[in-house]
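In what follows, chains carry the letters A, B, and so on, assigned in the order in which the sequence lines appear, proteins first and then strands, with residues in each chain numbered from 1.
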2 protein chains.
Amino acid sequence: MQKGDVLFRQNQTTSGLYRVVSGCVTLQRAGLGGETLTLHRAVSGGLFAEVSVFSATYHCDAICSEAGSVTKIAKADVVAAMQSNPAFSEGFTRLLAVQVQQYRAHIELLAISSAKERILAAVQAGYFNATVTELATRINLSHEACYRALRGLCDDGRMIRVGRGKYTLS
Amino acid sequence: MQKGDVLFRQNQTTSGLYRVVSGCVTLQRAGLGGETLTLHRAVSGGLFAEVSVFSATYHCDAICSEAGSVTKIAKADVVAAMQSNPAFSEGFTRLLAVQVQQYRAHIELLAISSAKERILAAVQAGYFNATVTELATRINLSHEACYRALRGLCDDGRMIRVGRGKYTLS
DNA sequence: GGATTCATATGATCTAGATCATAAAGGATC
DNA sequence: GATCCTTTATGATCTAGATCATATGAATCC
């Protein structure tokens with residue numbers, strides 16, 4: 001799996017869910033204006049497209065954002081395991097429950113009106129793993145506003161610039 | 001259950017999930033500035049706080065927004081049913097999967113930058129069930145902007161004002 | 001029936017972020 | 001090493017939405 005590879009596209013028939021062995025996959029959707037919106041980032045050990053088990057089609061695009069490999073788990077296997085193995089079933093359900101909480105937290109984050117505060121919250125929540133541009137697409141800001149807000153947070157002493165495109169909490 | 005009643009508050013220890021028999025309950029969280037953010041609206045027949053089964057504390061406030069009644073389902077009962085009844089387990093898991101999809105769709109909706117387009121999408125998605133003010137808290141707009149955008153959509157002929165605070169798609 | 005409260009509306013103003021433009025640094029490719 | 005592309009970064013300008021103010025209608029409550 002190379003950077004830029006498409007694992008599946010929105011509206012394609014679902015075949016199963018995936019586990020990231022190495023590298024990184026982002027789930028994204030194209031907005032009305034064609035701009036990309038990042039919905040999820042799955043890194044090593046993480047699963048993605050869990051919901052596909054209950055859906056006929058995928059609801060977003062899965063694009064490789066960092067070279068690596070993934071393994072696919074067939075829908076039928078998941079369904080079978082859920083019926084025969086209560087522990088698996090509970091684990092899978094718990095996985096979805098965690099996602100619901102994460103999305104709620106994300107919606108709350110998006111409700112923060114100030115760019116600086118929103119970015120600070122995003123960094124604290126561990127969103128800033130890749131580029132500033134990618135962060136911007138996750139939190140509904142233009143990348144310019146993102147750079148400026150990061151600059152502002154550094155000026156405030158609330159964050160520290162540790163290099164080109166690298167910032168940490170102070 | 002009367003309007004304004006609190007069923008539970010954020011950070012309270014979870015006891016179980018709820019089914020709305022009649023009336024309406026909204027799940028909301030207080031933003032940083034104290035402004036309310038509506039995360040969910042449960043109406044007759046709907047469940048809410050499903051995620052509490054997997055969480056030690058509630059993550060938002062549940063407030064009655066329309067008088068009626070609810071029944072509580074104890075966490076232990078749900079856990080037991082999930083272990084003994086595969087069909088129940090699958091149904092419950094599906095419920096969470098649907099929520100994940102809904103939240104993703106909501107995040108996509110929030111990424112629409114134009115107030116008019118965002119409101120139109122929200123109305124099409126069936127968000128506009130209560131007041132304009134309540135709609136505003138769900139889609140990260142001030143209520144003034146909401147009224148103006150609704151007015152604009154009527155001027156465009158894309159919506160129709162059918163009464164005070166009542167609008168429908170044309 | 002008067003007082004209170006909340007939702008609906010709209011007008012005026014202000015500002016934060018979008019947008020457009022530019023430029024340089026770094027990485028990949030040939 | 002030259003070229004291309006992406007990311008980083010910042011400046012200038014513009015505008016959509018926030019904010020503040022005001023008024024009215026409808027519901028609730030004594």
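Nucleotide dT7(D) holds its C1' atom 11 Å from the OH atom of Y167(A), rounded to whole Å. Distance K166(A) NZ to dT7(D) P: 13 Å, rounded to the nearest Å. Separating the CD atom of E117(A) from the C1' atom of dA18(D) is a distance of 16 Å, rounded to the nearest angstrom. Across the protein-nucleic acid pair, I119(B) atom CD1 and dG17(D) atom C1' stand 11 Å apart, rounded to whole Å. Distance N129(B) CG to dA7(C) P: 16 Å, rounded to the nearest Å. F128(B) places its CZ atom 10 Å from the C1' atom of dT8(C), with the value rounded to the nearest Å. In this structure, L153(B) atom CG and dA9(C) atom P are separated by 14 Å, rounded to whole Å. Taking atom CG of D155(A) as the reference point, atom C1' of dT10(D) lies 13 Å away to the nearest angstrom.
The side chain of S113(B) places no N or O atom within less than 4.0 Å of a non-bridging phosphate oxygen (OP1 or OP2) of dA18(C). In terms of phosphate contacts, S114(A) brings no side-chain nitrogen or oxygen within less than 4.0 Å of OP1 or OP2 of dA16(C).
Checked for salt-bridge contact, E117(A) and R158(A) meet the test: a charged N lies under 4.0 Å from a carboxylate O. A salt bridge does not link E144(B) with R148(B): none of the charged nitrogens is closer than 4.0 Å to a carboxylate oxygen. Here E50(B) does not pair with R19(B) in a salt bridge; the nearest charged N to carboxylate O distance is not below 4.0 Å.
For the contact set between residues 140-150 of chain B and DNA chain D, defined by any heavy atom under 4.0 Å, the members are N140(B), L141(B), S142(B), E144(B), A145(B), R148(B).
Relative to the side chain of R151(B), the nucleotides dT8(D), dT10(C), dG17(D) differ in distance, and dT10(C) lies closest.
Side-chain contact between D5(B) and I63(B) is absent, with no heavy atoms from C-beta onward closer than 4.5 Å. R138(A) has its side chain within reach of Y127(A): a pair of non-hydrogen atoms, C-beta onward, lies under 4.5 Å apart. For the pair E90(A)/M82(A), no side-chain contact is recorded, criterion being any heavy-atom separation below 4.5 Å from C-beta on. At least one side-chain heavy atom of L7(A) sits less than 4.5 Å from a side-chain heavy atom of V25(A).
Between the T14(B) side chain and the A56(B) main chain, a donor and an acceptor come within less than 3.5 Å of each other.
Residue whose closest nucleotide on DNA chain C sits further toward the 5' end, between A130(B) and R118(A): A130(B).
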Any protein N or O atoms within reach of nucleotides 22-26 of chain C? Criterion: under 3.5 Å, listing atom names and distances.
from, atom 1, to, atom 2, distance (Å)
dA25(C), O4', R164(A), NH1, 3.3
dA25(C), N3, R164(A), NH2, 3.2

Determine whether T38(A) and T26(A) satisfy the following criterion, side chain to side chain donor-acceptor pair (under 3.5 Å), listing intermediate values before the conclusion. CA-CA 7 Å; T38(A) 305; T26(A) 60; 5.7 Å; no

